[in-house]
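See structure below.
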Amino acid sequence: MATTTTHAPAPLLHTIVLDWYREHARDLPWRASDASPWAVMVSEFMLQQTPVKRVLPAYQAWLERWPTPASLAEDAPGEAVRMWGRLGYPRRALRLHAAASAIVERHGGEVPTEHAELLALPGVGEYTAAAVASFAFRQRHAVLDTNVRRVFARAVTGEEYPAQATTAAERRTAVELLPDHPEVAAQWAVGVMELGALVCTARSPECGGCPLRAHCAWDRAGRPPYQGPARRGQSYEGTDRQVRGKLLAVLREAHGEVPQHRLDAVWPEPVQRSRALDGLIIDGLVEPVAPGVYRLPQ
DNA sequence: AAGTCGTGGCC
DNA sequence: TGGCCAAGACT
């Protein structure tokens, strides 16, 4: 099947994005030339669904305490959960700790360089494996995060937002547009992401400052609003997630064992409270030490 | 494959 | 105000 190319020649797009990135890229610590692969991996875990601004201080503190996978693996998983603080989705802390252990066990303490090996680590999915391989090891991979998907949806497909789940067509676009040379591909990947983060944003894109405007299908079509199915929201008030958050906050700040009554105090409804606590235990975020006594996992 | 999983900031 | 969104992974 022949590939239909409706966008500008790829090499032109590459030049535009690389030039724009060189001029406008944020100075983020995990992009520094001396950032280790481990540092890049830590940043990617933290950036899964958490904004850059909130990640920055946590990232610095984390790497000061655990500058290598081995140093984290030697500590208790509960310490990782505590250091995670209020970044949200604390299972990521547990998975990062498990990934560090796997790196020690399977890779001699060095972050693996192969995409497949990265993908096999706990908490590392398609995106994170590609991101670490690209950003830390300067390899050629299609890096499809929410920013890149949005830029492609607009510039290539002419739609305001991508579909809920990543489609095969999106992967084809990403691969088709990937520069041949690995180092150029790595710069392209981070450049498109940055463009999505700073200019081609979800709510109020600044098309006036977009280097791709002349080549953007969505802009050419008059920037029609999103037509697809309603994107499901993330309700939070009154959910188990909220209760879990409150319970875990108590355990994080306790530095030791916590009696039942202190957990009971955070949520009045006993059935939901109990269900939330059970969920935390099942997830390994909380450890029961005796009847009615809990702590972070050791 | 649609749901679940935290937290905070923005308009 | 409250819904929407933020470098996803997992089941």
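Being a predicted model, the structure only gives us computed values, none of them experimental. Below, chain A is the first sequence line, B the second, and so on; all start at residue 1.
Aromatic ring orientation, A:Trp66 versus A:Trp62: perpendicular (interplanar angle above 60°, classes split at 30° and 60°).
Atom-to-atom, CZ of A:Arg275 to P of B:dT4 comes out at 11 Å; the value is rounded to the nearest Å. The nearest whole Å value for the distance from the CE atom in A:Met46 to the C1' atom in B:dC5 is 18 Å. Going from atom OH of A:Tyr127 over to atom P of C:dA9 covers 8 Å, rounded to whole Å. Separating the NZ atom of A:Lys53 from the C1' atom of B:dG8 is a distance of 10 Å, rounded to the nearest angstrom. Counting to the nearest Å, the C1' atom of C:dA7 and the OH atom of A:Tyr21 are 12 Å from each other. Separating the CZ atom of A:Arg95 from the C1' atom of B:dG6 is a distance of 13 Å, rounded to the nearest angstrom. Atom CD in A:Gln164 sits about 8 Å away from atom P in B:dG3, given to the nearest Å. Straight-line distance from the CG atom of A:Leu47 to the C1' atom of C:dC5: 15 Å, rounded to whole Å.
Note on A:Leu28: a base of the nucleic acid sits closer than 4.0 angstrom, heavy atoms only. No contact: A:Leu248 has no heavy atom under 4.0 Å from any strand. Backbone-only contact: A:Gly125 has heavy atoms under 4.0 Å from sugar-phosphate atoms and none from a base. Heavy atoms of A:Trp84 sit nowhere under 4.0 angstrom from any nucleic acid atom. Across all strands, A:Gln242 comes closer than 4.0 Å to no nucleic acid atom at all (heavy-atom distances). Across all strands shown, A:Tyr236 has heavy atoms under 4.0 Å from base atoms, whether or not it also approaches the sugar-phosphate.
For the pair A:Tyr127 and A:Glu44, the minimum side-chain heavy-atom distance is below 4.5 Å. Counting only heavy atoms from C-beta outward, the side chains of A:Pro51 and A:Val55 never approach each other to under 4.5 Å. Contact of the A:Asn147 side chain with the A:Val151 side chain is not registered, since no non-hydrogen atoms from C-beta on lie closer than 4.5 Å. Proximity of A:Pro205 to A:Arg223: side-chain heavy atoms (C-beta onward) are separated by under 4.5 Å at one or more points.
The side chain of A:Gln49 contributes no N or O atom lying less than 4.0 Å from OP1 or OP2 of C:dA6. At the phosphate of C:dA9, neither OP1 nor OP2 sits under 4.0 Å from any side-chain N or O atom of A:Arg91. Contact annotation: A:Arg244 side-chain N/O to B:dG6 OP1/OP2 distance is under 4.0 Å. Here A:Arg150 reaches the OP1 or OP2 of C:dA6: one of its side-chain N or O atoms lies under 4.0 Å away. Between B:dT7 and A:Arg252, a contact under 4.0 Å exists linking OP1 or OP2 to a side-chain N or O. Taking 4.0 angstrom as the limit, A:Tyr89 places none of its side-chain polar atoms (N or O) nearer than this to OP1 or OP2 of B:dT7.
Remark: A:Arg149 engages A:Glu170 in a salt bridge (Lys or Arg N to Asp or Glu O under 4.0 Å) (not counting sequence neighbours).
In summary, A:Asp19 and A:Arg22 engage in a salt bridge, as defined by a charged side-chain N under 4.0 Å from a carboxylate O. A salt bridge links A:Arg26 to A:Glu194: one of the charged nitrogens lies within less than 4.0 Å of a carboxylate oxygen.
Taking for each of A:Pro122 and A:Ala131 the nucleotide of DNA chain C with the nearest heavy atom, the 5'-most of the two is the partner of A:Ala131. Two residues, A:Arg26 and A:Val124, neighbour DNA chain C, and the one matched to the more 5' nucleotide by heavy-atom proximity is A:Arg26. When each of A:Ser204 and A:Gln48 is assigned the nucleotide of DNA chain B bearing its nearest heavy atom, the one mapping closer to the 5' terminus is A:Gln48. Along DNA chain B, the nucleotide nearest A:Asp240 and the nucleotide nearest A:Pro51 are compared for position; the residue whose nucleotide lies closer to the 5' end is A:Asp240.
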For residues 244-259 of chain A, which side-chain N or O atoms pair as donor and acceptor with protein atoms under 3.5 Å away, sequence neighbours left out?
| from | atom 1 | to | atom 2 | distance (Å) |
| --- | --- | --- | --- | --- |
| A:Arg244 | NH1 | A:Asp283 | OD2 | 3.0 |
| A:Arg244 | NH2 | A:Asp283 | OD2 | 2.7 |
| A:Arg252 | NH1 | A:Gly85 | O | 3.2 |

- Message: Please determine whether salt bridge (charged side-chain N to carboxylate O under 4.0 Å, His left out) holds for the pair A:Arg65 and A:Glu79, giving the CA-CA distance in whole Å, both sets of side-chain angles, and the decisive distance to 0.1 Å.
- Response: CA-CA 11 Å; A:Arg65 180 164 177 182; A:Glu79 285 306 299; 2.8 Å; yes

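The same atom, C1', is picked in B:dG6 and in C:dA6; the two are 12 Å apart, to the nearest Å. Between C:dA7 and B:dC5, the two P atoms lie 22 Å apart (nearest whole Å). For the P atoms, the distance linking C:dA9 with B:dG8 amounts to 23 Å, nearest Å.
The nucleotide whose nearest atom lies closest to any side-chain atom of A:Arg86 is, among C:dC4, B:dT7, C:dG8, B:dT7. In this structure, of C:dA9, C:dA7, B:dG6, it is C:dA7 that holds the atom nearest to the side chain of A:Asn147. Nearest nucleotide to the A:Thr146 side chain, out of C:dA6, C:dA9, C:dC4: C:dA6.
The base of C:dG3 does not come close enough to the side chain of A:Ser235 for any donor and acceptor atom to sit less than 3.5 Å apart. Side-chain atoms of A:Arg54 and base atoms of B:dG8 include no donor and acceptor less than 3.5 Å apart.
Shown for residues 184-202 of chain A: residues whose heavy atoms fall under 4.0 angstrom of DNA chain C, namely A:Met193, A:Ala202.
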